[in-house]
Structures are given as C-alpha cells and as structure tokens.
Trainee: 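The structure under discussion is supplied below as structure tokens; questions concerning it will follow.
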Amino acid sequence: MKIYIATDHAAFCIKEDVKKILEALGNEVIDLGPDSDTRVDYPDFAHKLCDAVLNDTGTQGILICGTGIGMSLAANKHQGIRAALCHDAYTAQMAREHNDANVLCFGQRVVGLGTIESICDSWCQHDFEGGRHADRVKKIEL
Ligand code: RB5
C-alpha cells in the first residue's frame with residue numbers, strides 16, 4: 001500500500017518511528033511534512049494529505065497530531081475521505097472492516113509507541129468487508 005503521512009509539530013517527534021513501522025509492514029510511505037517541530041497549524045497538513053490521497057487512487061493516509069482530534073475533524077471535511085481516530089488495534093480494525101476508512105488518525109499525546117505499532121499493524125492487516133457496511137458507508141455522504 002502507498003501511504004501518505006503528515007503530522008503537526010506535536011507529533012513530529014514520532015513521525016520517523018511511524019514511517020519505519022509502516023515500511024516494515026511492507027508499505028511505501030510518502031512524507032508530506034512538516035520537516036521540523038516548528039509550530040504549524042494541523043489543518044494545513046490535514047488538507048495537504050487529503051488532497052494527495054484523493055488525487056492518487058487506492059492510497060491511504062495517516063495523520064498524527066497531539067490528540068488526533070483536530071486532524072480527523074479537518075480531514076473529514078473532504079468528500080471521499082473517511083478519517084478514523086483510532087486508539088488501539090480494535091478501533092483500527094473496525095475502521096477498516098466496517099467504515100472503509102482511508103485515513104488513520106491518532107494522537108501522539110494519547111498513545112505510546114507500542115500501541116501505535118499495534119494500531120498500524122491492525123490497520124494494514126484488515127480490509128473493508130463490504131456488504132451491509134457498504135450501504136452504511138454510502139449513507140455517510142450527504
Ligand atoms: C497542538 O497543540 C494541538 O492542539 C494539536 O496537536 C492537536 O491535538 C489538535 O487537535
């Protein structure tokens with residue numbers, strides 16, 4: 001899978017670790033910034049990443065900020081993006097299997113590296129189940 005990744009300053013410190021985790025799982029990872037921990041506004045990076053995912057069919061995104069909340073709120077403004085704020089392997093699995101989420105969000109100040117590893121592993125292992133979930137996912141769009 002080709003996965004775009006972006007953070008804000010709050011999560012810059014774990015971006016390289018998350019990239020390594022994703023690459024070890026066999027993914028191609030494209031880093032959309034930022035390049036330092038200088039203060040930035042999370043919506044700028046959320047919008048940049050969502051534009052990249054929407055313009056590159058079949059790809060996914062990962063957005064990380066302090067809590068994951070701001071990134072998920074901004075990402076979900078994009079039609080065609082289903083951003084899921086995940087806290088553990090189970091929520092990551094459900095986000096893929098039931099919600100067909102294409103952007104994973106989590107908070108650097110909320111989950112530790114061990115949990116991040118299991119979130120990424122679960123996200124990459126599970127696919128959308130379709131069926132009744134496809135009808136529900138369609139209903140998300142207004
Ligand atoms: C930055 O301080 C913080 O507000 C941001 O990383 C994020 O948690 C917002 O939702």
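Only this structure's heavy atoms are used, side chains among them; waters, hydrogens and symmetry mates stay out. Here the structure is a predicted model, which is why all the values come from computation and not from measurement. Remember, it's 1-based here, ligands and their atoms both numbered in the order they're listed.
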Trainee: Please state whether Arg109 comes within less than 4.0 angstrom of ligand 1, counting heavy atoms only.
Mentor: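 So Arg109 counts as touching ligand 1.
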
Trainee: Using a distance threshold of 4.0 Å (strictly less than), state whether atom 4 (O) of ligand 1 has a protein heavy-atom neighbour.
Mentor: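 No, there is none.
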
Trainee: Checking the N or O distance criterion of under 3.5 Å, is ligand 1 in contact with Tyr42?
Mentor: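 N/O-N/O distance under 3.5 Å: no.
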
Trainee: Does the side chain of Gln125 come under 3.5 Å of the side chain of Asp121 through a donor N or O and an acceptor N or O?
Mentor: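 A donor-acceptor contact under 3.5 Å links the two side chains.
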
Trainee: For the residue pair His78 and His47, does the interplanar ring angle fall in the parallel (under 30°), tilted (30 to 60°) or perpendicular (over 60°) class?
Mentor: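 Plane angle between 30° and 60°, so tilted.
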
Trainee: Under 4.0 Å from a heavy atom of Cys65: which atoms of ligand 1 are those, numbered in the order shown and with their elements?
Mentor: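 Within the 4.0 Å cut-off of Cys65, ligand 1 contributes 6 (O), 7 (C), 8 (O), 9 (C), 10 (O).
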
Trainee: Quick one: look at Asp8 and ligand 1, take heavy-atom pairs under 4.0 Å, and tell me if it's side chain, backbone, both or neither.
Mentor: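 Only the side chain of Asp8 comes within reach of ligand 1.
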
Trainee: Quick one: look up the protein heavy atom nearest atom 8 (O) of ligand 1 and list residue, atom name and how far away it is.
Mentor: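 The closest one turns out to be Thr67 N, 2.9 Å.
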
Trainee: Quick check: does Gly70 get an N/O under 3.5 Å from an N/O on ligand 1?
Mentor: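 Between Gly70 and ligand 1, an N or O pair is found under 3.5 Å apart.
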
Trainee: Quick one: does any side-chain atom of Asp100 pair with a main-chain N or O of Phe128 as donor and acceptor, under 3.5 Å?
Mentor: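 No, Asp100 side chain to Phe128 backbone: no donor-acceptor pair under 3.5 Å.
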
Trainee: Against heavy atoms of Ala10, which atoms of ligand 1 measure under 4.0 Å?
Mentor: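 Counting atoms of ligand 1 from 1, those under 4.0 Å from Ala10 are 6 (O).
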
Trainee: Any luck finding a side-chain donor-acceptor pair between Asp56 and Tyr4 under 3.5 Å?
Mentor: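 Side chains of Asp56 and Tyr4: pair found under 3.5 Å.
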
Trainee: Output the list of atoms in ligand 1 that are nearer than 4.0 Å to some heavy atom of Gly66, sorted by atom number.
Mentor: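 With Gly66 as reference, the close atoms of ligand 1 come out as 5 (C), 6 (O), 7 (C), 8 (O).
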
Trainee: Checking Gln60 against Trp123: is there a side-chain donor and acceptor pair closer than 3.5 Å?
Mentor: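 Indeed, the side chains of Trp123 and Gln60 share at least one donor-acceptor pair under 3.5 Å.
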
Trainee: Do Val110 and Ile14 belong to the same hydrophobic cluster, where Ile, Leu, Val, Met, Phe, Trp and Tyr are linked whenever their side-chain heavy atoms lie under 4.5 Å apart, directly or via other members?
Mentor: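 Val110 and Ile14: one cluster.
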
Trainee: Check for a donor-acceptor pair, side chain of Lys15 on one end and backbone N or O of Pro34 on the other, with a separation under 3.5 Å.
Mentor: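 Yes; at least one donor-acceptor contact below 3.5 Å.
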
